[in-house]
Amino acid sequence: ALTRRVTCPDGINTVTNAACCDLFAVRDDIQENLFDGGICGEDVHESLRLTFHDAIGISPAIAATGVFGGGGADGSIIIFESIETNFHANLGTDEIVNAQIPIIARHNITPGDFIQFAGAVGLSNCPGAPQLEFLLGRPPATQPAPDLTVPEPFDTVDTILARFADAGNFTAPQVVWLLSSHTIAAADLVDPTIPGTPFDSTPELFDTQFFIETQLVGTLFPGTAGNQGEVESPLAGEIRLQSDFELARDNRTACEWQSFVNDQSKLQSKFQQGMARLAVLGQDTTQMIDCSDVIPVPAAPNSTAHFPAGLSNADVQQACTTAAFPTLPSDPGPATTVARVPPA
Ligand code: HEM
Ligand SMILES: [Ca+2]
Ligand SMILES: [Mn+2]
């Protein structure tokens with residue numbers, strides 16, 4: 001079917017709904033002043049993390065007890081930042097919140113819309129990423145989310161799956177889809193002695209390396225031992241969350257986890273689907289406008305699935321019992337050491 005497009009007042013951009021035209025200026029401001037001209041770095045990673053920490057702040061189970069259960073993707077983590085950024089699971093989000101606030105102030109956009117919009121625009125800077133859907137129209141939050149809605153890396157798989165099921169009826173495979181985000185991610189506070197330590201060897205690429213590398217035998221701590229929520233990783237300079245380790249090996253999630261290895265198109269389509277639901281938790285989508293055409297189309301993936309140098313299929317801790325781990329080449333050369341993501 002043909003979709004009619006309208007030309008925006010700028011005379012350049014076209015959209016399907018004229019209400020989306022104002023977003024081009026927001027997009028340009030974000031790219032220029034938040035994402036350093038359009039790179040997939042720390043501010044993009046933190047902006048994507050913020051989409052999750054705002055959206056997951058909703059609990060029908062808490063609401064059923066007669067207490068406010070949170071409004072989901074409503075911008076409460078910015079509007080009530082002095083409360084929510086102090087929740088333990090949100091520590092570190094104050095930096096990206098404080099970077100986003102002045103940009104929001106320059107435009108006519110709610111914090112809830114801005115958080116999801118910035119995450120989608122930012123993700124587009126990462127080669128291999130999908131173009132995310134963006135719906136406009138989240139009213140400002142009126143109350144902060146309750147504490148303890150955001151999963152912690154030391155939570156059990158039972159707790160994590162129950163939390164996602166409560167927040168948005170997410171199934172175990174859908175939780176795996178959303179963890180694809182950790183392919184462009186690093187930790188600052190899990191081991192505070194090594195801020196910016198990535199979860200895979202390619203934190204600037206939205207590729208399947210995260211799913212490969214989390215399945216390898218852990219042999220070392222990249223910094224100090226004994227941190228809550230951390231387990232041994234397979235590579236110098238790489239950090240592994242206990243939750244990612246367990247999700248990669250639990251019988252409810254292991255086969256879905258492995259299914260992403262070397263399947264870039266599944267990675268893209270499932271992350272897009274998962275984010276489309278996450279981004280509107282708590283919202284009435286019948287009142288929202290589809291402005292997805294303002295989100296840039298990401299660059300194609302520019303790498304292929306591989307084992308880091310020094311590792312091979314022999315290092316895989318097989319967890320899925322119904323399918324073999326794909327056979328992949330190993331990078332040549334001395335054992336891979338992963339560089340830290342520079343601070344914003
Ligand atoms: C079981 C669920 C999850 C747990 C336990 C978890 C935990 C964590 C932890 C501990 C960090 C490191 C924070 C730091 O020390 O700086 C992190 C980073 C990150 N998380 Fe998650 N996460 C989960 C799910 C998600 C989801 C669903 C998304 C997005 C859709 C997401 C996106 C990110 C991103 C992009 C980063 C990197 C931030 C940066 O590099 O600055 N996470 N996560
Ligand atoms: Ca990656
Ligand atoms: Mn960070």
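As the structure is a computational prediction, the values presented were derived from the model and not from experiment. Index from 1, following the sequence. First listed ligand is number 1; within each ligand, the first listed atom is number 1.
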Min N/O separation Glu46 to ligand 1 under 3.5 Å: yes
Identity and distance of the protein heavy atom lying nearest atom 35 (C) of ligand 1: His45 O, 3.2 Å
Sub-4.0 Å atoms of ligand 1 with respect to non-hydrogen atoms of Ala185: 34 (C), 36 (C), 37 (C), 40 (O)
Heavy-atom donor-acceptor pair, Gln209 side chain to His306 backbone, under 3.5 Å: yes
CG/Asn13: more than 12 non-hydrogen atoms of other groups inside 6.0 Å: yes
Which residue and heavy atom of the protein sit nearest atom 11 (C) of ligand 1, plus the separation: Phe199 CZ, 3.8 Å
Identity and separation of the nearest protein heavy atom to atom 2 (C) of ligand 1: Pro151 CB, 3.8 Å
N or O contact, Leu278 vs ligand 1, cut-off under 3.5 Å: no
Glu42: its N/O/S atom lying closest to the Mn ion (ligand 3) (atom name): OE1
Shortest-distance N/O/S atom, Asp188 versus the Mn ion (ligand 3): OD2
Enumerated ligand 1 atoms positioned under 4.0 Å from heavy atoms of Ala186: 37 (C), 38 (C), 39 (C), 40 (O), 41 (O)
Ser181: numbered ligand 1 atoms lying under 4.0 Å from its heavy atoms: 25 (C), 26 (C), 28 (C), 29 (C), 30 (C), 31 (C), 32 (C), 42 (N)
Top protein contact for atom 43 (N) of ligand 1, by heavy-atom distance: His182 NE2, 3.1 Å
Numbered atoms and elements of ligand 1 in range of Leu178, under 4.0 angstrom, heavy atoms: 27 (C), 30 (C)
Ser233/Arg240 under side chain to side chain donor-acceptor pair (under 3.5 Å): CA gap, chis, key distance, verdict: CA-CA 5 Å; Ser233 93; Arg240 179 180 279 175; over 6 Å; no
Side chains of Asp29 and Asn33, donor plus acceptor under 3.5 Å: yes
Heavy-atom check, side chain of Pro222 versus side chain of Glu238, under 4.5 Å: no
Atom of Asp200 nearest the Ca ion (ligand 2) (restricted to N/O/S, atom name only): OD2
Which segment of Leu241 sits under 4.0 Å of ligand 1 when only heavy atoms are counted: side chain
Under 3.5 Å side-chain donor-acceptor pair for Glu256 and Gln174: no
Leu205 N/O/S atom closer than 3.0 Å to the Ca ion (ligand 2): yes
Arg27 charged N/C atom sitting above Phe117 aromatic ring, 6.0 Å / 45°: no
Distance from atom 14 (C) of ligand 1 to nearest protein heavy atom, with residue and atom: Asp188 N, 3.2 Å
Phe260 six-ring face occupied by Lys266 cation (under 6.0 Å, within 45°): yes
Minimum-distance N/O/S atom that Asp207 presents toward the Ca ion (ligand 2): OD1
Contact with ligand 1 for Pro153, non-hydrogen, under 4.0 angstrom: yes
Test salt bridge (Lys or Arg N to Asp or Glu O under 4.0 Å) applied to Glu46 and Arg49, step by step: CA-CA 5 Å; Glu46 291 286 5; Arg49 180 179 177 223; 3.5 Å; yes
Contact check: Leu189 vs ligand 1, nitrogen or oxygen atoms, below 3.5 angstrom: yes
Phe211 and Asp263: CA distance, side-chain angles, deciding distance, side chain to side chain contact (heavy atoms under 4.5 Å, CB included) verdict: CA-CA 10 Å; Phe211 291 103; Asp263 194 341; over 6 Å; no
Ligand-side contact atoms (ligand 1) for residue partner Val190, heavy atom cut-off under 4.0 Å: 10 (C), 15 (O)
Side-chain donor-acceptor contact under 3.5 Å, Thr183 with Asp207: yes
Nearest to the Mn ion (ligand 3) - the N/O/S atom of Glu46, by atom name: OE2
Expected output: side-chain Arg277 to main-chain Gln273 donor-acceptor under 3.5 Å: no
Partner of Trp257 by ring-ring contact (aromatic ring centres under 6.0 Å, His included), out of Trp177, Phe210, Phe325: Phe210
Whether Asp166 side chain and Arg163 backbone form a donor-acceptor pair below 3.5 Å: no
Contact atoms of ligand 1, heavy-atom distance to Ile160 under 4.0 Å: 1 (C)
Neighbour count above 12 (heavy atom, 6.0 Å) for Glu95 CD: no
Backbone of Asn227 reached by a side-chain donor or acceptor of Asp191 within 3.5 Å: no
Ligand 1 to Glu42 polar contact by distance, N or O atoms, under 3.5 Å: yes
Any side-chain donor near an acceptor of the partner, Thr286 and Asp284, under 3.5 Å: yes
contact_flag Met275 ligand 1 heavy-atom lt 4.0 Å: yes
Angular separation of Thr202 O and Thr183 O about the Ca ion (ligand 2), given to 10°: 90°
Proximal atoms of ligand 1 relative to Glu152 (non-hydrogen, under 4.0 Å): 5 (C)
Closest approach of any protein heavy atom to atom 34 (C) of ligand 1, naming residue and atom: Arg49 CB, 3.7 Å
Taking atom 24 (C) of ligand 1 as the reference point, the nearest protein heavy atom with its distance: Phe52 CE2, 3.3 Å
Under 4.0 Å to a heavy atom of Ser243 - the qualifying atoms of ligand 1, by number: 5 (C)
Part of Leu179 within contact of ligand 1 (heavy atoms, under 4.0 Å): side chain
